[in-house]
Number of protein chains: 2
Amino acid sequence: MARKARFDMQQFFQALGDNTRLRLLNLMGEREVCVCYFVEILGAPQPKISRHLAYLRNAGIVSARREGKWMHYRIVMPPHVGATQILRQTLDWLEEDKAMQSDRARLTKACCSPAKYDLEGAPLPAAVSEQCCEAC
Amino acid sequence: MARKARFDMQQFFQALGDNTRLRLLNLMGEREVCVCYFVEILGAPQPKISRHLAYLRNAGIVSARREGKWMHYRIVMPPHVGATQILRQTLDWLEEDKAMQSDRARLTKACCSPAKYDLEGAPLPAAVSEQCCEAC
DNA sequence: GCAATATATATGCTTTAACAAATATGATTG
DNA sequence: CAATCATATTTGTTAAAGCATATATATTGC
C-alpha cells in the first residue's frame, strides 16, 4: 500500500469538480465539522456524504479524526504551495456564492440550536487553529 | 440556445481535472497556439486534441480564432476574479512541473525549426498581449 | 474561373472506464 | 442493543480514447 509519490494535480482538481464536495469544503472552512452536521445541513443521505468525504480525503484535501462515535473532518492544506493557494482562493470564491452563504448560515443556526436540527449531543464544529467559533 | 447564466465553478474545476487539458493550458500560457503544434508536441491523435480544446472552450477557459486553415487557441481569463486568480496560480504551478517544462521546451524547439517537427508553414505561436515570443 | 484535391480541424460513433446516486449492509463505539 | 459512520452493490450517467468521417479553407490543374 504505497503512499502517493507526489501530489496529484489532476486528482486535486477532480476533487474540486463536484458541487457536493464544494459544499462540504465550504462548510468546513477553518473549522472541524462532524459528519452528522454535513448530513443535516446538506439534507443528503449519509452514505453520499461519507463517500464524498472519502473522495476528498483520498485526494489529500481533508483529514478525519475520530472522537468516540463521531468523525470530524477538516481541511488540510496540500503539501504544495500552489495547491494551497488555489485551495484558499477557492474557499474565498465559495464565500461569495449565494447558495454557499445559505449553507453556512444554516450551519451557524444548527450550531446554536442543535436540538431543532436532530443534532442532540453531537459535537459542535470547532475552529481548527486558534480562534473560537465566532457564531456560538 | 441560452448562454450560460453564470460562470460554472464545478465545470471550471472539471476542465482542469484532466492531464491532457493541463498540458494544453501549459503550452498556451500567454501565447496563442495553433492546433497543429499541440498535436505535434503532445504526440496525441488530432481528434483527441480537438476534443479537449472544445471541452476547455465550453468551460470558458480558452477561446479559438480562425486564420485560414488554422485555428489558434489562447487562454481567456474567466469573468470572475476568483477563477482568474485560480487559473493564474494553476499556470504558475504547471511551470514548476518537470513534465510540463519538458513540453514547453519541445514547443520552443519546434518553434525554432518547424520543418523538423512536421510543422512546415504552420503559423508560429505568438504572444497574446504585447511582448513578442522570447524564444524565436 | 471552376472542378478536383489536399490540408487543417471538428464531429459522430462505439467501447470502456470512472463516477454519482440510492439502497442495503457492515464496522466501531458507547 | 443503539448510534454513528463506512463500505459494498447496483444502476444510470458522464466522459475518455480510438476510429472514421464531415467541414472549411487553400491550392492545383485545366
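Everything numeric in this text was worked out from a predicted model, so none of it was measured.
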Protein-nucleotide distance ([X], atom [atom1]; [N], atom [atom2]), rounded to Å:
X: A/Arg65; N: D/dC5; atom1: CZ; atom2: P; result: 12 Å
X: B/Asn19; N: C/dA18; atom1: CG; atom2: C1'; result: 16 Å
X: B/Leu42; N: C/dT9; atom1: CG; atom2: P; result: 13 Å
X: A/Leu56; N: C/dA20; atom1: CG; atom2: C1'; result: 14 Å
X: B/His72; N: D/dT25; atom1: NE2; atom2: C1'; result: 13 Å
X: B/Asn58; N: C/dA10; atom1: CG; atom2: P; result: 14 Å
X: B/Arg23; N: D/dA17; atom1: CZ; atom2: P; result: 11 Å
X: A/Trp70; N: D/dA2; atom1: CH2; atom2: C1'; result: 12 Å

- prompt: What are the two closest non-hydrogen atoms of B/Ile75 and B/Gly29, and how far apart are they?
  reply: CD1-O, 3.6 Å
- prompt: Does the side chain of B/Tyr73 get closer than 4.0 angstrom to OP1 or OP2 of C/dA8 through an N or O atom?
  reply: no
query: Closer than 4.0 Å, any side-chain N/O of A/Gln14 to the OP1 or OP2 of C/dC19?
result: yes
- line: ring pair (Phe, Tyr, Trp, His ring centres under 6.0 Å) filter on A/Phe38, not counting sequence neighbours, yields none
- prompt: Among all residues two or more places apart in sequence or in another chain, which pass the ring pair (Phe, Tyr, Trp, His ring centres under 6.0 Å) test with B/His72?
  reply: none
Which residues pass the side-chain hydrogen bond (donor to acceptor under 3.5 Å, both in side chains) test with [X], not counting sequence neighbours?
X: A/Gln46; value: A/Ser50
X: B/Asp97; value: none
X: A/Gln85; value: B/Gln89
X: B/Arg57; value: B/Tyr73

- line: Walking DNA chain C from its 5' end, the first of A/Tyr55 and B/Leu53 to be reached, judged by nearest nucleotide, is B/Leu53
- prompt: Tell me, for nucleotides 21-30 of chain C in 5' to 3' order, what letter each nucleotide earns: B for a base near a protein heavy atom under 4.0 Å, S for only sugar-phosphate near one, - for neither?
  reply: BSBB----SS
message: Can a side-chain donor-acceptor contact be found between B/Arg106 and B/Ser102 if the only test is distance below 3.5 angstrom?
response: yes
message: Only Watson-Crick and G-U wobble pairs with both distances less than 3.5 Å should count. Give DNA chain C in dot-bracket notation, marking inter-strand partners with |.
response: ||||||||||||||||||||||||||||||
Where at least one partner belongs to residues 8-32 of chain B, residue pairs that pass ring pair (Phe, Tyr, Trp, His ring centres under 6.0 Å), sequence neighbours excluded: A/Trp93-B/Phe12, B/Phe7-B/Phe12
